[in-house]
Protein chains: 2
Amino acid sequence: MERYFKKIEEHLASLDPETLSRLNDISSERIYPKGSFLLEAGNICRHSFFMLEGTARKYSLHDGKEITTEFYFKDDIAVSFRSYGLQIPSEEYIEAVEDCKVSITDYYQYEALKKESLQIATLDLLIMEYYALWLEEKLYQQRTMDATERYVSLLNKNTEIIQQMKVGHIASYLGVSFETLSRIRKRLSA
Amino acid sequence: MERYFKKIEEHLASLDPETLSRLNDISSERIYPKGSFLLEAGNICRHSFFMLEGTARKYSLHDGKEITTEFYFKDDIAVSFRSYGLQIPSEEYIEAVEDCKVSITDYYQYEALKKESLQIATLDLLIMEYYALWLEEKLYQQRTMDATERYVSLLNKNTEIIQQMKVGHIASYLGVSFETLSRIRKRLSA
DNA sequence: CGAGGCCTTGACCGCGGTCAATGCCCGTGG
DNA sequence: CCACGGGCATTGACCGCGGTCAAGGCCTCG
């Protein structure tokens, strides 16, 4: 996975100044206070959110319960991919866990840019490929690891999630009930 | 999801004849007999396989057991995405379930083409986006549906899988043991 | 100081996994 | 042509992981 970061960074570094400035032209900054929503279910996700400061999470509701699907930190891109890509109403919420400063890019302007600029299309492709790798990894972990193993894996690889997010949100992210996660933590600390 | 097919088809229809012929130039046809491997674990996935005829499946081994991750039919693209994208040894096998006729495209030649052609880069992006949507859907089903519901969903949406693939392979695809799937089928037929 | 969120802990139980026996279908060779 | 063996599916017995329900503890903030 780290190799992919490198690929993306190299590509970013190789962008024309002109391309960069055009990207800048279609982006604007905005602050979302803690607890507010960058996106709510029912609305179409018309923007992508590049995280400049703060933390956020994405979740959906199922039988009245929240299923956290992703956490966002500095430099992550927050978006409901399904709603954004198809421009259909979202089933997901994106919530500011802390005050967030984000760079917002409009879907249509970005799409137009992608149609003109090979550099942007390539950037987008790299990001998509990274997301697909991440999804494959999650799916594989879900199949092959039990709840404790998944927690330990998160503990090792994503310390910031463990430290900054609530137990309940981490639990649904791992695909277990918060009671079970509580017991797992107890067992591990013993 | 169907909307995505449309998007991809429209894009394919809009391709320059020249672009198409260049794609053709870097592809070649090949037959894989039933039971043979388009890709074996340990090897780097240096090609993508566009299915012209026959059926195939992708799987990995975990604790000596096969986990089927994808089935391929006519017009599908078979590839171990992780191995292909990162050009690292594969953990997955792609096996011809029946005799297969495929169109093979070389990774490096395709990458080179992507760097030159916005149309090809866009095509690749559309395919990636479709794959990511598919992965998101699988992950969501895994979280929210029990074994029976997942089977019924497959029954409704992917008849060809149910009809043409072995119970054992369908079971691991659904994330259950084949004994459990056997019981589910019995219950449903009653 | 009281209320509401969040986490912990206990009791209970069901889905689905494992192990093992049996059945069934089919290809192969005597 | 039948007998045997291998591969695949079915079925039963058992049990453990993790879900649900419910009670209780602990902060934080108004």
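Treat the numbers as computed from the prediction; the structure is a model and nothing was measured. Chain naming here is simple, since letters A, B, ... match the order of the sequence lines and numbering starts at 1 in each.
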>> Can you list, in residue-number order, the parts of residues 55-67 of chain A that come under 4.0 Å of DNA chain D, counting heavy atoms only?
In response: A:K65

> Is a donor on one side and an acceptor on the other found under 3.5 Å between the side chain of A:H169 and the backbone of A:E66?
Replying inline: no

When the side chains of residues 68-76 of chain B are checked against the rest of the protein, which donor-acceptor pairs come out under 3.5 Å, sequence neighbours left out?
unit_1: B:T68; atom_1: OG1; unit_2: B:R57; atom_2: NH1; d: 2.8
unit_1: B:T68; atom_1: OG1; unit_2: B:S172; atom_2: OG; d: 3.2
unit_1: B:T69; atom_1: OG1; unit_2: B:K58; atom_2: O; d: 3.3
unit_1: B:E70; atom_1: OE1; unit_2: B:K58; atom_2: NZ; d: 3.0
unit_1: B:E70; atom_1: OE1; unit_2: B:Y72; atom_2: OH; d: 3.1
unit_1: B:D76; atom_1: OD2; unit_2: B:F73; atom_2: N; d: 2.9

>> Of all nucleotides in DNA chain C that come within under 4.0 Å of a heavy atom of chain A, which is furthest toward the 5' end and which toward the 3' end?
In response: C:dC6 to C:dA11

>> Restricting to side chain to side chain contact (heavy atoms under 4.5 Å, CB included), what partner residues turn up for A:L20, sequence neighbours left out?
In response: A:L15

>> Distance check needed: D:dA9 P versus B:R187 CZ, whole Å only.
In response: 18 Å

Under 3.5 Å, side-chain donor or acceptor atoms of residues 31-41 of chain B against the rest of the protein: list the pairs with distances, not counting sequence neighbours.
unit_1: B:Y32; atom_1: OH; unit_2: B:R30; atom_2: NH1; d: 3.4
unit_1: B:S36; atom_1: OG; unit_2: B:P33; atom_2: O; d: 2.6

>> I'd like to know if B:K114 and B:E111 make a salt bridge, using a cut-off of under 4.0 Å between side-chain N and carboxylate O.
In response: yes

> How would you list, by chain and number, every residue that makes a side chain to side chain contact (heavy atoms under 4.5 Å, CB included) with B:S28, sequence neighbours excluded?
Replying inline: B:I104

Got a list of side-chain donor-acceptor pairs under 3.5 Å for residues 173-183 of chain A, not counting sequence neighbours?
unit_1: A:S177; atom_1: OG; unit_2: A:T180; atom_2: N; d: 3.2
unit_1: A:S177; atom_1: OG; unit_2: A:T180; atom_2: OG1; d: 3.0

>> For residues 145-167 of chain A, which residue pairs pass the side-chain hydrogen bond (donor to acceptor under 3.5 Å, both in side chains) check, not counting sequence neighbours?
In response: A:Q141-A:S153

> In terms of ring plane angle, is the pair B:Y4 and B:Y130 parallel, tilted or perpendicular, where the classes change at 30° and 60°?
Replying inline: tilted

> Have A:E129 and B:Y84 got a donor and an acceptor in their side chains that come within less than 3.5 Å?
Replying inline: no

>> When you measure from the side chain of B:D63 to the backbone of B:K65, do you find a donor-acceptor pair of N or O atoms at a distance under 3.5 Å?
In response: no

> Listed by chain and number, what are the side chain to side chain contact (heavy atoms under 4.5 Å, CB included) partners of A:S83, not counting sequence neighbours?
Replying inline: A:I44, A:C45, A:S80, A:S90

> Does the distance from a Lys or Arg side-chain N to an Asp or Glu carboxylate O, for A:K6 and A:E9, drop under 4.0 Å?
Replying inline: no

> When you check every protein heavy atom under 4.0 Å of nucleotides 22-30 of chain D, what one-letter string (B, S, -) results, 5' to 3'?
Replying inline: ---------

>> Here's a test of your reading of the structure: between B:L181 and A:L181, which maps to the more 5' nucleotide of DNA chain D?
In response: B:L181

> Tell me, which of residues 167-177 of chain B have any heavy atom that sits under 4.0 Å from an atom in DNA chain D?
Replying inline: B:V167, B:G168

> Do any N or O atoms from the side chain of B:D106 and from the backbone of B:Y108 form a donor-acceptor pair under 3.5 angstrom?
Replying inline: yes

> Which of parallel (below 30°), tilted (30 to 60°) and perpendicular (above 60°) describes B:F49 and B:H47?
Replying inline: tilted

>> Please report the end-to-end axis angle for the helix from C:dC1-D:dG30 to C:dG30-D:dC1, five pairs per end, rounded to 10 degrees.
In response: 20°

> Within this structure, what is the CD1-to-C1' distance between B:I184 and D:dA9, rounded to whole angstrom?
Replying inline: 14 Å

>> So, OP1 or OP2 of D:dT11: does either fall under 4.0 Å of a side-chain N or O from B:K186?
In response: yes

